[in-house]
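Within every chain, numbering begins at 1; the chains are lettered A, B, ... in the order of the sequence lines, protein sequences first and strands thereafter. Values reported hereafter were calculated over all heavy atoms of this structure, with side chains retained and with hydrogens, waters and symmetry mates removed. Computed from a prediction, not measured in an experiment: that's the story for all the values here.
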2 protein chains.
Amino acid sequence: MSYRAQEIAANLRKARLAKGISQRELSDLSGVPQAQISRIEASSVDPRATSLLALAHALEMELALVPRKALPAVRMISKQTSGQDSKALGQAVKEWNRISERLRILQMESPALDAVKRLQKSFADLQRFQVQFAAPESLKRLRQALEKIKEPLTQPEALSRSQDLMRNLSKELAQSTELAHSDERVRPAYSLDEDDDA
Amino acid sequence: MSYRAQEIAANLRKARLAKGISQRELSDLSGVPQAQISRIEASSVDPRATSLLALAHALEMELALVPRKALPAVRMISKQTSGQDSKALGQAVKEWNRISERLRILQMESPALDAVKRLQKSFADLQRFQVQFAAPESLKRLRQALEKIKEPLTQPEALSRSQDLMRNLSKELAQSTELAHSDERVRPAYSLDEDDDA
DNA sequence: TATTTTAATGTATTTTAAGATATCAATTTC
DNA sequence: GAAATTGATATCTTAAAATACATTAAAATA
């Protein structure tokens, strides 16, 4: 299996984790059996074009043939959450989705609580950050705090703890993205020397 | 065979013709049998990843997994001479290469002729244009004129005819590229709304 | 016009992905 | 701590790509 083939396989896995879905869910979406997805992601098979395309499409991606010279530019544009630790990314996305869901339910159950509304708002504001910069643990703690909020407020501290954790998360994200962007060059995202040989 | 699979196959063919090589040459370069290349280009098979990669690499291209949203931008960057008539493109490139070769030989055979030097120079200047905008017939006529130039100048008109044809070609290319670029918008090549959902 | 090149197609054989199913260990969840 | 989920494997069958040839029609070339 060539290096590029492995790279494509690795990117498929990353894309799946970035969507926070399991191989079985992707199997349902794409029609490719879970066992086969496992083999493909592990680069233990040489997949057919249609298999790659089925998976790519289920992940809202495309397989494109690009000039080698344009590859760096293409990479920049696709910004494939690259280099990121796949596992942590997957966990982060998963937690993120669970928090969203939890907040949605909380608002259904306790429409009277203004604090919930504010939590919802704060969280929505964090959408603009890239989830992958959040530590899965921070997200998990926040989720667990949110899950302790129940209508007869037997544990009023759950609310304030949620608020604290939400603030921390916000800070954490702000710092991480700041760091992540600090090494971005000023040069344009791509510069193609407009050649077209021949 | 899905639409995207066909698109990839079509692009492989275009890339091959753009390099002006035959299926057999590509076969030698890539290790993929000529018969198989024919079937792949015709989308009559569902190729394996390694087959696509072998062909792509021999054509100095890469197979990249890109977010669907980024596809238009990627297409713009790779500027796949799309919509172009593959056949004409192939012929043009071929003629182009033959003219280059002919001029090289002419300069070896008749280093004294200044006219040849000038022809060589003019032709080199045309490199900056995209070959595919040249009509294969114009190129062919120029080549044929060049082939009539022989050291004991029995046909002196061959030289002046070559010069005329070279001038015409130059004009033709200038006009075509002007036309081809006239609909280019001023907006940046891509605008990615930096989302990363999740 | 004769010759060569090119691309497509046919056939037979080998190799291997795909698919269906089941299982299993390791997490994760409740 | 029991139950569910997840990813990786194993087995078996089927379908199809890959390969090595051979052949042909059309086009390009001499």
CD of A:E41 to CG of A:L55, rounded to nearest 0.5 Å, is 8.0 Å
note: B:I40, atom CD1; D:dA18, atom P; distance rounded to Å ~ 5 Å
Just the atom pairs and distances: protein N or O near nucleotides 10-12 of chain C's N or O, under 3.5 Å.
none

Note: contacts of residues 22-30 of chain B with DNA chain C (heavy atom, under 4.0 Å) are B:S22, B:Q23, B:R24
Side-chain contact check for A:S51: nearest option of D:dA17, C:dA18, D:dA8 is C:dA18
Residues at least two apart in sequence or cross-chain that pass salt bridge (charged side-chain N to carboxylate O under 4.0 Å, His left out) with B:K121, listed by chain then number, are B:D125
Whole-Å distance, B:K140 NZ to D:dA28 P, equals 7 Å
Note: for A:G31 and B:A42 on DNA chain C, the residue whose nearest nucleotide lies more 5' is B:A42
To the nearest angstrom, the CD-C1' distance between A:E41 and D:dA8 comes to 11 Å
**Report entry** Under 3.5 Å: donor-acceptor pair, side chain of A:S100, backbone of A:W96
**Finding:** yes
Rounded to whole Å, the CG-P distance (B:D46 to D:dA18) equals 8 Å
Whichever of B:R16 and B:R48 has the more 5' nearest nucleotide on DNA chain C, that residue is B:R16
For B:E147, the side chain to side chain donor-acceptor pair (under 3.5 Å) test, sequence neighbours excluded, returns B:R143
A:Q36 CD to D:dT13 P, in whole Å, measures 18 Å
Using only side-chain N and O atoms of B:R13, determine if any of them is under 4.0 Å from OP1 or OP2 of C:dT6.
no
Hits for side chain to side chain donor-acceptor pair (under 3.5 Å) against A:E62, two or more places apart or cross-chain, chain-then-number order -> A:H57, B:R4, B:R68
Taken in chain and number order and not counting sequence neighbours, the residues that satisfy side chain to side chain donor-acceptor pair (under 3.5 Å) with B:S110 are B:E151
Atom CD of A:Q34 and atom C1' of D:dT6 are separated, to the nearest Å, by 8 Å
Across all chains, not counting sequence neighbours, the salt bridge (charged side-chain N to carboxylate O under 4.0 Å, His left out) partners of B:R118 are none
- Test: A:E25 and A:K19 ion pair at under 4.0 Å: no
Hits for side-chain contact (heavy atoms from CB on, under 4.5 Å) against A:A9, two or more places apart or cross-chain, chain-then-number order -> A:S43
So the stems of DNA chain D, runs of at least three Watson-Crick or G-U pairs (under 3.5 Å), are C:1-30 with D:1-30
In whole angstroms, the gap separating P of C:dT28 from CD1 of A:I21 amounts to 18 Å
Q: Give a yes/no answer on whether the side chain of A:S38 brings an N or O atom under 4.0 Å of OP1 or OP2 in D:dA8.
A: yes
DNA chain D nearest-nucleotide lookup for B:R143 and B:V32: closer to the 5′ end is B:V32
Of D:dA30, D:dA8, C:dA8, the nucleotide closest to the side chain of B:R98 is D:dA30
B:D164 meets the side chain to side chain donor-acceptor pair (under 3.5 Å) criterion, sequence neighbours left out, with B:R167
Residue set satisfying salt bridge (charged side-chain N to carboxylate O under 4.0 Å, His left out) with B:E101, at least two apart, ordered chain then number -> B:R104
note: B:E147, atom CD; D:dA28, atom P; distance rounded to Å ~ 15 Å
A:K117 meets the salt bridge (charged side-chain N to carboxylate O under 4.0 Å, His left out) criterion, sequence neighbours left out, with A:D114
